[in-house]
Number of protein chains: 2
Amino acid sequence: MQRHTRQGTAIREIVQQSERPLTASEIHRRAIGKLPNLGLATTYRHLRKLESEDRLVGVDYPGQPTRYEWADGEQKIHFGCRSCEKLFAVEEGDDFKEPKPPKLPHGYQVNGGEWILYGTCPACSSSQSSVTPSNS
Amino acid sequence: MQRHTRQGTAIREIVQQSERPLTASEIHRRAIGKLPNLGLATTYRHLRKLESEDRLVGVDYPGQPTRYEWADGEQKIHFGCRSCEKLFAVEEGDDFKEPKPPKLPHGYQVNGGEWILYGTCPACSSSQSSVTPSNS
DNA sequence: GTCGTTGCAAAGCGTTTGCAGCCTA
DNA sequence: TAGGCTGCAAACGCTTTGCAACGAC
């Protein structure tokens with residue numbers, strides 16, 4: 001059975017309302033604003049559950065902790081900024097077309113994929129010098 | 001100054017000669033065949049140095065340790081098998097075309113990217129039932 | 001002989017798990 | 001009231017770092 005708790009609601013809302021994918025500890029830090037005693041383990045437990053229900057997807061930026069974003073059914077391309085280290089989700093329609101999966105050698109059955117691009121985000125490329133990595 | 005050591009040579013050769021991307025501990029295990037006292041930390045130090053020199057690239061399969069492969073200048077697409085958990089590098093020309101980077105919203109400067117596909121590899125899809133994950 | 005490199009052990013970091021108490025349904 | 005959920009602390013796996021000994025040049 002599935003129970004409703006304030007903790008689960010808070011974590012879900014934070015991910016749903018976030019403007020970009022967040023790490024578990026970023027989510028935890030934001031949730032603590034509402035629920036000061038919330039444990040980090042509880043945050044992980046909810047993220048794992050939501051992910052297993054396909055309501056959430058984890059995005060891996062190499063060398064950094066997993067970021068989580070709400071799964072709204074739309075495939076996204078992710079962009080990692082090498083200056084401020086933030087990860088952005090770029091939605092289709094903004095200004096690009098999604099690639100089609102390539103045809104692989106015989107025997108490989110594809111049922112998913114992820115594309116991550118690296119570079120400099122608008123904020124960091126406008127301010128020439130690199131921005132000190134910060135999370136929020 | 002850069003010194004020539006047996007450890008560095010062994011690690012470099014193992015990655016160069018591998019048929020697929022390997023984790024640090026797989027590389028270490030293979031290297032121990034030649035140099036029984038080789039430390040895992042030394043393996044990591046060499047991998048990091050080779051990566052910083054762009055002679056090696058790290059590939060991240062979500063939820064698993066980083067795999068390393070030799071950077072032969074050719075862009076590759078990676079394929080992660082969800083059954084045996086191995087990671088394969090598929091080279092262009094085998095049977096697919098590489099996608100072009102999409103046009104992103106104004107301000108995003110792209111200088112790299114990675115594409116990982118998930119599914120079932122030939123070995124696992126021929127043997128219907130899933131294969132117990134094993135490393136070598 | 002110099003100083004980059006090594007092996008070992010310990011520390012660091014993100015994530016998971018064990019457990020007793022709590023609280024939702 | 002039953003049993004899923006919580007917070008805490010300990011454990012875990014991968015990776016990095018401190019340090020004294022080693023060995024390439």
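Proteins come first, then strands; the chains are lettered A, B, ... in the order of their sequence lines, and each starts at number 1.
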Asker: What is the distance, rounded to the nearest whole Å, between atom CG of A/Leu47 and atom P of C/dT16?
Answerer: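 It is 9 Å, rounded to the nearest whole Å.
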Asker: Take atom CZ of A/Arg12 and atom C1' of D/dC5, then tell me their distance rounded to the nearest Å.
Answerer: 15 Å
Asker: Measure the distance from CG on B/Leu22 to C1' on D/dT15 and round it to the nearest whole Å.
Answerer: 17 Å
Asker: Is A/Arg30 paired with A/Glu19 through a side-chain N to carboxylate O contact shorter than 4.0 Å?
Answerer: yes
Asker: Between the base of D/dG4 and the side chain of A/Arg45, is there a donor and acceptor pair under 3.5 angstrom?
Answerer: no
Asker: Do the side-chain N or O atoms of A/Tyr44 get closer than 4.0 angstrom to the phosphate oxygens (OP1, OP2) of C/dT16?
Answerer: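 No, because none of the side-chain N or O atoms of A/Tyr44 sits under 4.0 Å from OP1 or OP2 of C/dT16.
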Asker: 5'-most contact on DNA chain C: A/Thr66 or B/Leu35, nearest heavy atom basis?
Answerer: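 Final value for this comparison: B/Leu35.
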Asker: Looking only at the side chain of B/Ala41 (C-beta and beyond, no hydrogens), which of the listed nucleotides C/dT17, C/dT5, C/dC8 gets closest?
Answerer: C/dC8
Asker: Which nucleotide wins on minimum distance to the side chain of A/Arg3, given the candidates D/dC5, D/dT17, C/dT15?
Answerer: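 Closest nucleotide to the A/Arg3 side chain: D/dC5.
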Asker: Starting at atom CD of A/Gln2, determine the distance to atom C1' of D/dT6, rounded to an integer number of angstrom.
Answerer: 15 Å
Asker: B/Thr5 has a side chain; which of D/dA24, C/dG7, D/dG7 sits nearest to it?
Answerer: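 Among D/dA24, C/dG7, D/dG7, the one nearest the side chain of B/Thr5 is D/dA24.
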Asker: Within a 6.0 Å radius of atom CZ on A/Arg82, are there more than 12 heavy atoms belonging to other residues, nucleotides or ligands?
Answerer: yes
Asker: Report yes if at least one side-chain N or O of A/Lys49 is closer than 4.0 Å to OP1 or OP2 of D/dC5; otherwise report no.
Answerer: yes
Asker: Send over the distance from A/Leu40 CG to C/dT17 C1', rounded to a whole Å.
Answerer: 13 Å
Asker: Counting side-chain heavy atoms from C-beta on, which of C/dT17, D/dT17, C/dG7 comes nearest to B/Arg48?
Answerer: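 Of C/dT17, D/dT17, C/dG7, D/dT17 is nearest to the side chain of B/Arg48.
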Asker: Starting at atom CD of A/Glu26, determine the distance to atom C1' of C/dT15, rounded to an integer number of angstrom.
Answerer: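 A/Glu26 atom CD is separated from C/dT15 atom C1' by 16 Å.
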Asker: So, taking the atom named CD1 in B/Ile14 and the one named CZ in B/Arg29, what distance separates them when rounded to the nearest 0.5 Å?
Answerer: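 So the gap between those two atoms works out to 11.0 Å.
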Asker: Evaluate the ring planes of B/Tyr61 and B/Tyr118, with Trp represented by its six-membered ring, and classify them as parallel (under 30°), tilted (30 to 60°) or perpendicular (over 60°).
Answerer: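 B/Tyr61 and B/Tyr118: perpendicular rings.
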Asker: If you assign each of B/Pro65 and A/His46 to its closest nucleotide in DNA chain D, which residue comes earlier from the 5' end?
Answerer: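 Whichever sits nearer the 5' end wins; that is A/His46.
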Asker: For A/Ser25 and C/dG14, is the shortest distance between a side-chain N/O and OP1 or OP2 below 4.0 Å?
Answerer: no
Asker: What orientation do B/Phe79 and A/Tyr108 show, parallel under 30°, tilted 30 to 60°, or perpendicular over 60°?
Answerer: perpendicular
Asker: Could you check B/Tyr68 against A/Leu38 and say which one's nearest nucleotide on DNA chain D is further toward the 5' end?
Answerer: A/Leu38
